[in-house]
Engineer: 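Please see the structure below; I have some questions.
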Number of protein chains: 2
Amino acid sequence: MKLQVEQKLASKKINPTAMRILVLELLLQQNSAISLSDIEKGLETADRITIYRTLKTFEQNGLIHSIEDGTGTPKYALCVEDCSTHEHYDMHVHFYCNSCEETFCLPDHKIPDISLPTGFSPAEMNLIVKGICENCAQ
Amino acid sequence: MKLQVEQKLASKKINPTAMRILVLELLLQQNSAISLSDIEKGLETADRITIYRTLKTFEQNGLIHSIEDGTGTPKYALCVEDCSTHEHYDMHVHFYCNSCEETFCLPDHKIPDISLPTGFSPAEMNLIVKGICENCAQ
DNA sequence: ATAAGCCATGCAATGGTATTGCATTATTGT
DNA sequence: ACAATAATGCAATACCATTGCATGGCTTAT
Ligand SMILES: [Mn+2]
Ligand SMILES: [Mn+2]
Ligand SMILES: [Zn+2]
Ligand SMILES: [Zn+2]
């Protein structure tokens with residue numbers, strides 16, 4: 001198990017330090033995206049700044065992607081696609097539940113092509129759908 | 001001119017105070033969405049908190065809508081649709097220019113229908129396209 | 001084995017923003 | 001003109017992101 005985690009780090013050329021292993025293990029347990037504060041609460045002995053830089057490193061090396069879900073605080077989730085340094089391919093829909101306030105990746109639901117006015121050239125896209133998630137549906 | 005502004009406020013049942021007239025006039029001059037700080041800089045004698053509450057009032061009464069463009073600081077723009085209290089119909093695409101860092105409403109470009117996994121029911125949507133705007137295209 | 005160098009960590013400090021309470025002032029309707 | 005109501009300005013609070021700097025641990029070359 002720990003080996004798998006360390007291999008995952010190594011495959012992204014990230015030095016497997018104790019803190020990074022802990023953060024990655026926590027990320028692997030989630031089924032929704034989590035914030036920096038969530039991680040801080042989920043780990044006993046962890047400095048917020050170190051987690052902050054750990055996440056920056058993870059994101060830069062294509063291990064996780066950051067999600068702006070409209071709450072103002074970024075959420076983080078593992079990349080399912082084969083992302084690399086500064087090359088993220090997470091053009092999928094994200095869902096924010098107004099009830100449980102969780103943010104979900106929907107990697108199987110790609111963002112459709114969007115027509116733009118002439119002169120506008122797109123580079124990235126971010127689509128957030130807000131509503132009620134499957135867990136909160138009665 | 002001032003009459004038109006006051007009428008616009010009255011049509012949304014907003015008391016036309018001096019500050020509100022100033023803020024609305026400033027909003028009418030823009031061709032891109034602006035932030036609270038932008039408005040604060042654009043007005044000489046203006047308390048940030050008052051502008052903050054002015055924008056909240058405008059938004060609640062369907063005069064402007066708030067845009068989360070991924071920068072973390074909300075931008076505001078006039079509603080083109082006929083929005084009312086707590087009923088916004090701004091399901092259009094927003095464009096953030098990575099060069100000039102301006103946020104544009106594209107009211108003629110609606111967000112297409114998005115298929116979701118079973119159990120997820122959508123309420124609102126927010127689509128941000130990032131890239132280069134027409135002004136910055138060389 | 002030892003020393004130097006690199007990398008990661010933790011602490012402190014800074015800056016920005018949103019949000020609320022409360023007292024004062026302005027506006028409205030009678 | 002007066003009373004009731006609404007808006008404003010100031011202060012305070014609470015988060016959060018971001019950077020500098022000093023320390024410590026691990027790696028590597030000598
Ligand atoms: Mn995702
Ligand atoms: Mn808009
Ligand atoms: Zn939910
Ligand atoms: Zn531009």
Side-chain angles (χ1 to χ4, degrees), chain A residues 2 5-6 8-10 12-27 33-61 63-76 85 101 103, chain B residues 2-3 5-27 33-61 63-76 85 96 101 103:
Chain A
K2 178 149 295 187
V5 173
E6 294 194 28
K8 212 167 174 59
L9 288 172
K12 300 291 184 179
K13 309 220 187 309
I14 300 169
N15 274 1
T17 69
M19 180 67 27
R20 288 169 177 175
I21 290 171
L22 283 176
V23 172
L24 179 51
E25 281 175 346
L26 196 62
L27 283 166
I34 55 177
S35 69
L36 171 55
S37 296
D38 292 334
I39 299 175
E40 194 183 9
K41 287 165 199 148
L43 299 177
E44 274 310 314
T45 63
D47 180 50
R48 184 183 184 86
I49 317 297
T50 303
I51 305 172
Y52 170 79
R53 285 192 266 231
T54 298
L55 291 172
K56 280 273 179 274
T57 301
F58 282 6
E59 188 180 7
Q60 292 215 333
N61 290 48
L63 181 58
I64 64 175
H65 62 280
S66 161
I67 306 160
E68 297 285 347
D69 58 9
T71 63
T73 57
K75 306 295 190 315
Y76 300 90
T85 304
E101 301 181 336
T103 302
Chain B
K2 177 150 293 186
L3 268 196
V5 173
E6 295 194 27
Q7 275 183 5
K8 212 167 173 60
L9 287 172
S11 76
K12 298 292 183 178
K13 309 220 187 311
I14 301 169
N15 275 1
T17 69
M19 180 65 28
R20 288 169 177 176
I21 290 171
L22 284 175
V23 172
L24 178 51
E25 280 176 347
L26 196 63
L27 283 165
I34 56 178
S35 69
L36 171 55
S37 296
D38 292 334
I39 299 175
E40 194 183 10
K41 286 166 199 149
L43 299 177
E44 273 309 315
T45 63
D47 180 48
R48 184 183 184 87
I49 317 297
T50 303
I51 304 172
Y52 170 78
R53 284 192 267 229
T54 298
L55 291 171
K56 281 272 179 277
T57 301
F58 284 6
E59 188 180 6
Q60 291 216 334
N61 291 49
L63 181 58
I64 64 175
H65 61 281
S66 160
I67 306 159
E68 296 285 347
D69 59 8
T71 62
T73 57
K75 306 296 191 314
Y76 301 91
T85 303
Y96 176 80
E101 299 180 336
T103 302

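Every chain is numbered from 1, with letters handed out A, B, ... down the list of sequences. Bear in mind that the values here come from a model prediction, so they are computed numbers and not experimental data.
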Engineer: Of all nucleotides in DNA chain D with an atom under 4.0 Å from a non-hydrogen atom of chain B, which is the first and which the last going 5' to 3'?
Structural biologist: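 Extent of the interface on DNA chain D: dA6(D) to dA11(D).
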Engineer: Roughly how bent is the helix from dA1(C)-dT30(D) to dT30(C)-dA1(D) end to end, in steps of 10 degrees, with each end axis from five pairs?
Structural biologist: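 Here the local axes at opposite ends form an angle of 20°.
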Engineer: Which atom pair, heavy atoms only, marks the closest approach of Met19(A) to Thr54(A)?
Structural biologist: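 Smallest interatomic distance, heavy atoms only, reads CG-OG1, 4.1 Å.
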Engineer: Shortest non-hydrogen contact from Leu63(A) to Ile14(A)?
Structural biologist: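 Between these two residues, the closest heavy atoms are CD2-CD1, 4.0 Å.
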Engineer: To the nearest 0.5 Å, what is the distance between CD1 (Ile21(B)) and CG (Leu26(B))?
Structural biologist: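 Those atoms lie 13.5 Å apart.
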Engineer: Test Glu25(B) against Leu22(B) for side chain to side chain contact (heavy atoms under 4.5 Å, CB included), laying out the working first.
Structural biologist: CA-CA 5 Å; Glu25(B) 280 176 347; Leu22(B) 284 175; 4.1 Å; yes
Engineer: Grab the two heavy atoms, one from Ile51(B) and one from Ala46(B), that are nearest each other, plus how far apart they are.
Structural biologist: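 Closest pair (atom of Ile51(B), atom of Ala46(B), distance): CD1-CB, 3.6 Å.
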Engineer: For Ile49(A), which residues count as a side chain to side chain contact (heavy atoms under 4.5 Å, CB included) partner, sequence neighbours excluded?
Structural biologist: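 Only Asp47(A), Arg53(A) meet the side chain to side chain contact (heavy atoms under 4.5 Å, CB included) criterion with Ile49(A).
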Engineer: Any donor and acceptor pair, going by atom type alone, linking the side chain of Asn15(B) with main-chain N or O of Thr17(B) inside 3.5 Å?
Structural biologist: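 Looks like no, no N/O pair under 3.5 Å.
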Engineer: If you look at every heavy atom in Arg20(B) and Phe58(B), which pair is closest and at what distance?
Structural biologist: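 Where Arg20(B) meets Phe58(B) most closely, the heavy atoms are O-CZ, 3.6 Å.
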Engineer: Could you give the distance from CG (Leu55(A)) to CD1 (Ile34(A)), rounded to the nearest 0.5 Å?
Structural biologist: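 One gets 8.0 Å once the value is rounded to the nearest 0.5 Å.
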Engineer: Run the side chain to side chain contact (heavy atoms under 4.5 Å, CB included) test against Arg48(A) and tell me which residues pass, sequence neighbours left out.
Structural biologist: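 Applying side chain to side chain contact (heavy atoms under 4.5 Å, CB included) to Arg48(A) gives Leu36(A), Ser37(A), Glu40(A).
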Engineer: On a heavy-atom basis, which atom in Glu59(B) and which in Ser66(B) lie closest, and how many Å separate them?
Structural biologist: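 Looking at all heavy atoms of both residues, the closest pair is OE2-CB, 3.3 Å.
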Engineer: Could you state the atom-to-atom distance from NZ of Lys13(A) to C1' of dC7(C) in whole Å?
Structural biologist: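 Checked: the NZ to C1' distance equals 18 Å.
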Engineer: Counting any heavy atom closer than 4.0 Å, what does Arg20(B) reach on the DNA or RNA strands: base, sugar-phosphate only, or nothing?
Structural biologist: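 Sugar-phosphate only.
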Engineer: Using every non-hydrogen atom in the two residues, find where Ala33(B) and Ile67(B) come nearest and quote the distance to one decimal.
Structural biologist: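 Residues Ala33(B) and Ile67(B), closest heavy atoms: CB-CD1, 3.6 Å.
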Engineer: Report, as a single string ordered 5' to 3', how protein heavy atoms within less than 4.0 Å touch nucleotides 24-30 of chain C: B base, S sugar-phosphate only, - not at all.
Structural biologist: -------
Engineer: If you round to the nearest 0.5 Å, how far is CG of Leu9(A) from CG of Leu24(A)?
Structural biologist: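 Between Leu24(A) CG and Leu9(A) CG, I get 5.0 Å after rounding to 0.5 Å.
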Engineer: Report each atom pair, protein N/O against N/O of nucleotides 13-19 of chain C, whose distance is under 3.5 angstrom.
Structural biologist:
residue, atom, partner, partner atom, Å
dT17(C), OP2, Ser37(B), OG, 3.4
dA18(C), OP2, Arg48(B), NH2, 3.3
dT19(C), OP2, Tyr52(B), OH, 2.6
dT19(C), O5', Tyr52(B), OH, 3.0

